[in-house]
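Here's the structure, in structure tokens; my notes come after.
What you see is a predicted model; the values in this text were computed from it and never measured.
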Amino acid sequence: MIRETSDRQLQLKDFIHPFGCDLNSENRWVKLAEVVPWDDLAVAYNSVMSATQGRPAKPARLVIGALIIKHKLNLSDEETVLQIQENPYLQFFCGLGAYVDAPPFVPSLFVEIRKRMGAEVFDAFEQAIVDRAVHIQKKRKPTRVSTSGGDGSPPSSCGDGSDQDRPAPVDAVDAQAEDVTHHGKLLMDATVADQMIRFPTDLGLLNEAREISESLIDELHKQTGGKKPRTYRQQARKVFLSISKRKKPGGKLIRKGIRQQLQYVRRNLGHIERMLDELMAEAGMPFPLGHKLQRQYWIIQHVYAQQKRMYETKSRRCDDRIVSISQPHVRPIVRGKAGRPVEFGAKVSVSMIGKLAFVDHLDWDAFNESQDLIAQVERYKARFGFYPEVVLADGIYGTRANRRWLKEHGIRFGGRPLGRPRKVTSENMDEIKQLKRQRREDERSRIPVEGKFGQGKNGYRLNQIRARLASTSEAWVRSIFLVMNLIALLRFLLPFLRPSAIMDACTTWLRGMLRLDDGVGDRLTGMHPRFADASTGW
């Protein structure tokens, strides 16, 4: 059941805390709270819950604020709850009306939150951020054109007179005309959000499957009684350690160890089948294993079948290969990078517009990112109402089908053209030089999307996803991009949120007005030290 009130009513001065002093309005969390479109995010979050059934849910601002804090500070679920309990600024950011020395909720609630927040919710979050950026950028745009109003009044918004040099969060909102069909740049690329799993090896996976099969035999033996089947667990463990502890075991030794582990797992699986038949067919009992043990039983059977097939065919690959028994949805993604040719996690296709990055496609199986180009361009149009002027992407996106589609829609692809290079003549020399300069500029303009991946992996642990389920891992990845977009929006608005920006805006306006009367300028030069350095312009 949803109980929601407007989150815009609380002011910083109204926040009650027992420390005997006012909170600092220049605090980073206070500034970030002014940027986040709380009401729009709350509507998107509440859209997946019932308004009449179930227990009353935690307020949407508290939940979303806690999620932002977690990924902004790279905290665990438990540490996030403790930080909110101890910090009044974080409690204000989460929408609490007064300081409370108690945890806002139990840390395990984060798991349910991530399960609840699917792709539709995060798509609504992204659109809310885009609308917020478009609204503010259009609102601030007149201050970049003129330093005064039409009637000589000072500028209404807080600016520092240098907005035109500040990179905008979204570069597609400068098109004000209704008949604009193409505007802005669309950057796109793909990366892998690595899961925090143990590096998989065939021998290690089979050893883990053997240990799980032994625990299943122990559980079934409690119900059947009698003599326990022999599993040779101590011998199998000794064989595994004798190979895994070697610094550089040879290929023949590894293959021998895999064959031995396959034999141990096959023997254990046979014991489990006989014990299940005895309990279900002869004793008439229902399936004796719980959900968790039953799931492990199915997974180790699949692992055994895959490893046996690769061993018999002397192959190193198979379809839908399992690399983690605890997270069987994780797949190996071959990227071909130096030092890390294979990554293990979800592949993410991202489009970047200005300073904002959006997750357009997330899949656990490897896919060719060039197939997403048309869909990403269409999503650009759905967000802003027009197509981009140019698409900047890696060479893999430049397929003939994609180039043909972009040409039909009047969009330039910022990549190397197909076919042989043109022959340089005296007539086309200048044109070829211009095209080379354009390609070089396009390659430079594509760098920010790579920097965004570096920011996510180095600053927000996009390469260390710690969630275990597929759905919660997807929510983890999308939450990181949500936080990075909010930080980009905050950096653009930070000069407007500072009180000193008001004085700077008035200074710029007065300088422009006082140029009309040098005498007035001379008289006002000594009124305030701020205007002393402006006397040379009067």
For the residue pair [X] and [Y], establish whether any side-chain heavy-atom pair is separated by less than 4.5 Å.
X	Y	value
Phe125	Asn485	no
Cys94	Ile84	yes
Glu474	Asp363	no
Leu186	Val390	no
Val350	Met188	no
Tyr380	Ile353	yes
Met196	Ile465	no
Val391	Leu406	yes

With sequence neighbours left out, what residues match [X] under side-chain contact (heavy atoms from CB on, under 4.5 Å)?
X	result
Ser445	Lys185, Leu392, Glu441
Arg335	Val192, Ile333, Lys337, Glu343, Lys347, Glu369
Arg55	none

From [X] atom [atom1] to [Y] atom [atom2], the distance as rounded to the nearest 0.5 Å:
X	Y	atom1	atom2	value
Ile487	Lys355	CD1	NZ	14.5 Å
Ile325	Arg198	CD1	CZ	8.5 Å
Leu482	Leu41	CG	CG	7.0 Å
Trp29	Leu90	CH2	CG	5.5 Å
Lys381	Thr181	NZ	OG1	9.0 Å
Glu378	Asp372	CD	CG	13.0 Å

Query raised in the report: Please walk me through it: do Lys70 and Phe110 pass side chain to side chain contact (heavy atoms under 4.5 Å, CB included)?
Result: CA-CA 10 Å; Lys70 169 184 170 57; Phe110 270 111; 4.3 Å; yes
Report task. With sequence neighbours excluded, tell me which residues meet side-chain hydrogen bond (donor to acceptor under 3.5 Å, both in side chains) with Ser324. Result -> Ser326
**Report entry** Worked check of side chain to side chain contact (heavy atoms under 4.5 Å, CB included) between His183 and Val180
**Finding:** CA-CA 7 Å; His183 189 79; Val180 173; 4.0 Å; yes
Query raised in the report: Who passes salt bridge (charged side-chain N to carboxylate O under 4.0 Å, His left out) against Arg383, sequence neighbours left out?
Result: Glu126, Asp360
Report summary line: The salt bridge (charged side-chain N to carboxylate O under 4.0 Å, His left out) partners of Asp365 (sequence neighbours excluded) come to Arg331
Check [X] against [Y] and note the closest heavy-atom contact, atom names and distance.
X	Y	result
Pro388	Val377	CD-CG1, 4.0 Å
Asn402	Ser370	ND2-O, 3.0 Å
Val342	Pro332	CG1-CB, 3.8 Å
Phe105	Ala66	CZ-CB, 3.7 Å
Trp364	His329	CB-O, 3.5 Å
Ile197	Gln327	CG2-NE2, 3.6 Å

Hey, does the side chain of [X] reach the backbone of [Y] with a donor-acceptor pair shorter than 3.5 angstrom?
X	Y	value
Asn46	Ala42	yes
Gln195	Ala467	yes
Lys58	Pro104	yes

Report summary line: For residues 110-120, the side-chain hydrogen bond (donor to acceptor under 3.5 Å, both in side chains) pairs (sequence neighbours left out) are Tyr45-Arg116, Asp77-Arg114
Report task. Among residues two or more places apart or on two chains, list those pairs meeting side-chain hydrogen bond (donor to acceptor under 3.5 Å, both in side chains) that have a residue in residues 448-461. Result -> Thr191-Lys457, Lys452-Gln455
Ring centroids only, cut at 6.0 angstrom: are [X] and [Y] within range, meaning strictly under it?
X	Y	value
Phe93	Trp38	yes
Phe122	Phe481	no
His361	Phe367	yes

Report task. Could you please spell out the steps behind the side chain to side chain contact (heavy atoms under 4.5 Å, CB included) verdict for Val36 and Leu486? Result -> CA-CA 7 Å; Val36 180; Leu486 292 176; 4.1 Å; yes
**Report entry** Residues in ring-ring contact (aromatic ring centres under 6.0 Å, His included) contact with Tyr89, at least two apart in sequence or another chain
**Finding:** none
Report task. Could you pull out all residues at least two apart from Phe92 that satisfy ring-ring contact (aromatic ring centres under 6.0 Å, His included)? Result -> Phe15
Report task. Give the C-alpha distance, both sets of side-chain angles, the deciding distance and a yes or no for side chain to side chain contact (heavy atoms under 4.5 Å, CB included) between Gln371 and Asn368. Result -> CA-CA 6 Å; Gln371 301 175 357; Asn368 191 331; 4.2 Å; yes
Query raised in the report: When you check the side-chain N and O atoms of Gln127 and Asp131, is any donor under 3.5 Å from an acceptor?
Result: yes
Requested in this report: Could you name each residue pair satisfying salt bridge (Lys or Arg N to Asp or Glu O under 4.0 Å) that touches residues 398-418, not counting sequence neighbours?
Outcome: Arg412-Asp442
Query raised in the report: Could you walk me through whether Gln434 and Gln438 pass the side chain to side chain donor-acceptor pair (under 3.5 Å) check?
Result: CA-CA 6 Å; Gln434 179 64 26; Gln438 182 66 55; 4.7 Å; no
Query raised in the report: Any ring pair (Phe, Tyr, Trp, His ring centres under 6.0 Å) pairs touching residues 48-81, not counting sequence neighbours?
Result: His71-Trp476
Query raised in the report: Is any NZ, NE, NH1 or NH2 atom of the basic residue among Arg446 and Asp189 found under 4.0 Å from an Asp or Glu carboxylate oxygen of the other?
Result: yes
